[in-house]
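Notes follow once the structure below has been shown.
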Amino acid sequence: MKIVILDGYTENPGDLSWQGFEALGDVQVYDRTPADQIVARIGDAQAVIVNKVPITAQTMDACPSIRYIGVLATGYNVIDVAAAKQRGIVVTNIPTYGTAAVAQMAFALLLEVCHHVAHHSDAVHEGRWEHNDDWCFWDYPLIELAGKTMGIIGFGRIGQNVGQIAQAFGMKVLAYDTYQNPALVSETCRYAQLDEIFAASDVISLHCPLFDSTLGIINKDAIAKMKDGVIILNNSRGPLIVEQDLADALNAGKVYAAGLDVVSTEPIKGDNPLLKAKNCLITPHISWAPKESRQRLMDIAVANLKAFADGAPVNVVNK
Ligand code: NAD
């Protein structure tokens, strides 16, 4: 089987191995593939592996050997899955691989807001402690989480993991989800409607998927219902937040701080209003990327292709 990997760099910048795929066929790996080279690079390959490179109906028609498209991610919106189904092409995804890493990153953002570790360490290295009048100093309000309330919007795998960590920090959890599991309710964790979450939470963390119903769920009306000084975290999907509304609220001090790993357009655009907003931490979509998570993703992607080659495909998204 001829296997082509069109944008392998973010999954494996050099610290993992493609050997699992190589055991299944003749593999060609490209770090990135511009739109005008997709068809030529696929050529007569039967298996196409992508992360964010779009595979359209036209590409499928131009490359009739394609039998399998494996997406190196959970979201598979880059593939025209209906067109693939019409042409008998199996499309698979990786349903879950990085729950712990994404939950951990939500707390990395939150703890940075609470303590500004990087800033204070830089200040010490710049000599400010050495020359300080007192035995300690800090440049930001330092925040203790115990006793505070975290509102979690989207209480699935990642949201629940974030909730467990929050409770371990002594926080109370209010969760909003369209599906409720009574087994998750405890003295320190219960479900609530969005308005109560907005009104009662000290920290609001987004863990729902991007759907029409969640697009712009954090907007100026929602922010107006929140506590003054709320902290907002988003490492789910950028368009969950109306960015100009959040930037305005940060600059006005209504929202104390935001920790964001995703934005509306990625890579971020230079005119994104959040880049200049007060107390806005932004990381470049790294929640999924610890090596352990990427290795898990690689293992599942290889297992998906092997199952397809064995005639019993798994994790098929276009049955
Ligand atoms: P999941 O499917 O386990 O959980 C999503 C939850 O959201 C479900 O419980 C679902 O019922 C709920 N939901 C659906 N519609 C909703 C709505 N309108 N309002 C509130 N809740 C709603 O998914 P997961 O594994 O927990 O992942 C959550 C999200 O995290 C993904 O959709 C993805 O956007 C994001 N993610 C980001 C990264 C990253 O690197 N930044 C990595 C992985 C996942």
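The basis for the numbers below is simple: all heavy atoms, side chains too, and nothing from hydrogens, waters or symmetry mates. Note that ligands are numbered from 1 as they come in the structure, with each ligand's atoms numbered from 1 the same way.
At the shortest separation from atom 2 (O) of ligand 1 among protein heavy atoms lies R157 NH2, 4.0 Å. Taking atom 31 (C) of ligand 1 as the reference point, the nearest protein heavy-atom neighbour is S236 OG, 4.1 Å. The closest protein non-hydrogen atom to atom 4 (O) of ligand 1 is G156 CA, 3.2 Å. Closest to atom 19 (N) of ligand 1, if we only count protein heavy atoms, is Y176 CE2, 3.4 Å. Considering only non-hydrogen protein atoms, atom 26 (O) of ligand 1 sits nearest to I158 N, 2.8 Å. In this structure, atom 7 (O) of ligand 1 lies nearest to the protein heavy atom P209 CD, 3.2 Å. Nearest protein heavy-atom contact of atom 36 (N) of ligand 1 is R237 NH1, 3.9 Å.
Heavy-atom proximity to H207, at under 4.0 Å, picks out these atoms of ligand 1: 5 (C), 28 (C), 29 (C). For ligand 1, the atoms sitting less than 4.0 Å from at least one non-hydrogen atom of D261 are 41 (N), numbered in the order shown with element in parentheses. Residue F155 has at least one heavy-atom neighbour below 4.0 Å for each of these atoms of ligand 1: 9 (O). Close contacts between ligand 1 and S213 involve ligand atoms 18 (N) [criterion: under 4.0 Å to a heavy atom]. Which parts of ligand 1 touch S287 is read off a 4.0 Å heavy-atom cut-off, strictly below it: atoms 39 (C), 40 (O), 41 (N).
Classification of the Y68-F308 ring pair by plane angle, with boundaries at 30° and 60°, yields tilted. The aromatic rings of W18 and F21 are tilted relative to each other, their planes meeting at an angle between 30° and 60°.
A salt bridge between D7 and K52 is absent, with no side-chain N of the basic residue lying under 4.0 Å from a carboxylate O of the acidic one. Using a cut-off of 4.0 Å between Lys/Arg side-chain N and Asp/Glu carboxylate O, D221 and K225 are scored as not salt-bridged. Salt-bridge annotation for D80 and K85: absent, with no side-chain N of the basic residue lying under 4.0 Å from a carboxylate O of the acidic one. At a threshold of 4.0 Å, the pair D248-K254 does not count as salt-bridged, since none of the basic side-chain nitrogens sits closer than that to a carboxylate oxygen. In summary, R190 and E196 engage in a salt bridge, as defined by a charged side-chain N under 4.0 Å from a carboxylate O.
For the ligand labelled ligand 1, residue T178 lies inside the 4.0 Å heavy-atom shell. Residue L210 places every heavy atom at 4.0 Å or more from ligand 1.
Between Y179 and F155, the distance from one ring center to the other does not fall under 6.0 angstrom. Between H119 and Y140, the distance from one ring center to the other falls under 6.0 angstrom.
Backbone and side-chain nitrogen or oxygen atoms of W288 are examined, and one is located within less than 3.5 angstrom of a nitrogen or oxygen of ligand 1.
Counting only N and O atoms by type, the side chains of R41 and T33 include a donor and acceptor under 3.5 Å apart. H285 and T283 are not linked by any side-chain donor-acceptor pair at a separation below 3.5 angstrom, with hydrogens and angles left out of the test. Side chains of N235 and S287: a donor on one and an acceptor on the other come within 3.5 Å.
Taking all heavy atoms of L194, V102, T74, T214 into account, the minimum distance to atom 18 (N) of ligand 1 is reached by T214. When the heavy-atom distances from atom 41 (N) of ligand 1 to N161, N181, T96, N235 are ranked, the shortest goes to N235.
Counting heavy atoms closer than 4.0 Å to ligand 1, residue H285 contributes side-chain atoms (C-beta onward) but none from N, CA, C or O. With a heavy-atom cut-off of 4.0 Å, D177 touches ligand 1 through backbone and side chain alike. For F211, every heavy-atom contact with ligand 1 shorter than 4.0 Å involves the side chain, none the backbone.
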